[in-house]
Amino acid sequence: MLNTLTSPPARVLIADDDVNLVHMVRTLLRAEGHTTLGVLDGETALKTVRSSPVDLLILDINMPGLDGLNLLLNIRSSGNMTPVIFLTAKTEPSHQRLGLDLGGDDYVTKPFDPALLAARVRSLLRRSRLTPRPSVLTVEDLVIDVDARTVTAAGSPVTLSPLEFELLVALANNAGKAVRRQDLLRSVWGTQGSAKSLTEHVRRLRGKLDAAGSTGLISTINGVGYKLG
């Protein structure tokens, strides 16, 4: 008999509004040795990813509020490249292409064979661990360590709030490009943000970078948003 290649234990987040499916997938992956987290909506999934890193995401597309596609957009635009498997009832090729084009790594349609999902998880975890992801972003004299969540500007450490850090990472991932206000709100605040909050956070972030010696790095692009570098 052919032996199944295993993957090291991982933290896996499952987001689906079907509580029974979440329970089934968690049970399946725990049997594979993984630690699992289960949530029933996109907003909770986004908060979980921001507060506690995971190794793999399994996302339903049709969730209330923040759906799986917009959840992925939020995650990717902040620089988070955690592997993603879409688990959904949508079988049309156009939906599959859209999910992959937005940064998804695999696509499993419902109903599905649990053994197939487990195999897809093993395969994706192995591939993701073979390819190290850059964790340090550099823009001129600004250095952002995404994993350590530290920032230095002109050689001086900069202390940022969690939202200021996420905002800086979102800008750094698009360094030299104008980023629309609505895209920053979606990626950093999800559905909870406001234009006033964004303006205030940019003001504070700009002030901290200027005070540390990285002056003029954040530009306001009238009618559009902001640019770093």
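The model shown is predicted, which means the values in this text are computed figures rather than measured ones.
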If you look only at distance, which donor and acceptor atoms sit under 3.5 Å apart when one is on a side chain in residues 14-25 and the other is two or more places apart or in another chain?
from  : atom 1 : to     : atom 2 : distance (Å)
Asp16 : OD1    : Asp18  : N      : 2.8
Asp16 : OD2    : Lys110 : NZ     : 2.8
Asp18 : OD1    : Asn20  : N      : 3.0
Asp18 : OD1    : Leu21  : N      : 3.2

Run Thr44 and Leu46 through side chain to side chain contact (heavy atoms under 4.5 Å, CB included) and show every step you take.
CA-CA 5 Å; Thr44 304; Leu46 184 60; over 6 Å; no

Pair Leu71-Leu59, side chain to side chain contact (heavy atoms under 4.5 Å, CB included): steps then yes or no:
CA-CA 9 Å; Leu71 171 58; Leu59 307 179; 3.7 Å; yes

Go through Leu228 and Leu168 one step at a time and tell me if the side chain to side chain contact (heavy atoms under 4.5 Å, CB included) criterion holds.
CA-CA 8 Å; Leu228 182 68; Leu168 181 60; 4.0 Å; yes

Verdict with reasoning, Arg76 to Asp105, per salt bridge (Lys or Arg N to Asp or Glu O under 4.0 Å)
CA-CA 12 Å; Arg76 291 289 187 256; Asp105 298 278; 3.3 Å; yes

Working note: Val151 + Val143, criterion side chain to side chain contact (heavy atoms under 4.5 Å, CB included); need CA distance, chi angles, decisive distance, verdict.
CA-CA 6 Å; Val151 176; Val143 180; over 6 Å; no

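Asp67 and Ile61 get closest at one heavy-atom pair: CB-O, 3.0 Å. For the pair Val139 and Ala172, the tightest heavy-atom approach, listed with the atom from each and the gap, is CG2-CB, 4.2 Å. Summarising the geometry of Thr159 relative to Lys208, their closest heavy-atom pair is O-NZ, 3.1 Å, with the distance given to 0.1 Å. Residues Ala178 and Val224 approach most closely at CB-CG1, 4.1 Å, considering heavy atoms.
Counting heavy atoms from C-beta on, the side chains of Leu167 and Leu205 come closer than 4.5 Å. At a threshold of 4.5 Å between non-hydrogen side-chain atoms, the residues Leu87 and Phe112 count as touching. Looking only at side-chain heavy atoms (C-beta outward), Arg120 and Val108 come within less than 4.5 Å of each other. Contact of the Asp60 side chain with the Met63 side chain is registered, since non-hydrogen atoms from C-beta on lie closer than 4.5 Å. The shortest distance between side-chain heavy atoms of Phe86 and Ile58 does not fall below 4.5 Å. Looking at Val158 and Thr152, their side chains never come closer than 4.5 Å, going by heavy atoms from C-beta outward. When side chains are defined from C-beta on, Leu142 counts as touching Leu209, because their heavy atoms get closer than 4.5 Å. At a threshold of 4.5 Å between non-hydrogen side-chain atoms, the residues Arg204 and Glu164 count as touching.
The distance from atom CG of Leu171 to atom CG of Asp183, rounded to the nearest 0.5 Å, is 11.0 Å. In this structure, NE2 on His34 lies 8.0 Å from CG on Leu56, to the nearest 0.5 angstrom. Here the CG atom belonging to Leu29 is positioned 10.5 Å from the OG1 atom belonging to Thr35, to the nearest 0.5 angstrom. Atom CD1 of Ile218 and atom CD1 of Ile221 lie 11.5 Å apart (nearest 0.5 Å). The OG atom of Ser123 sits 8.5 Å away from the CD1 atom of Ile85 when rounded to the nearest 0.5 Å. Summarising the geometry, atom CG belonging to Leu72 is positioned 10.0 Å from atom OG1 belonging to Thr82; distances are rounded to the nearest 0.5 Å.
Shown here are the side chain to side chain contact (heavy atoms under 4.5 Å, CB included) partners of Arg149, two or more places apart in sequence or in another chain: Pro162, Phe165, Glu166. With sequence neighbours left out, Thr220 forms a side chain to side chain contact (heavy atoms under 4.5 Å, CB included) with Arg181, Arg206, Asn222, Tyr226. In this view, Leu37 and Arg11, Leu13, Thr48, Val54 satisfy the side chain to side chain contact (heavy atoms under 4.5 Å, CB included) rule, not counting sequence neighbours. Residues passing the side chain to side chain donor-acceptor pair (under 3.5 Å) test with Arg203, sequence neighbours excluded: Glu200. Residues meeting the side chain to side chain donor-acceptor pair (under 3.5 Å) test with Asp141, sequence neighbours left out: Ser214.
Judged by distance alone, the side chain of Asn70 and the main-chain N or O of Leu66 form no donor-acceptor pair under 3.5 Å.
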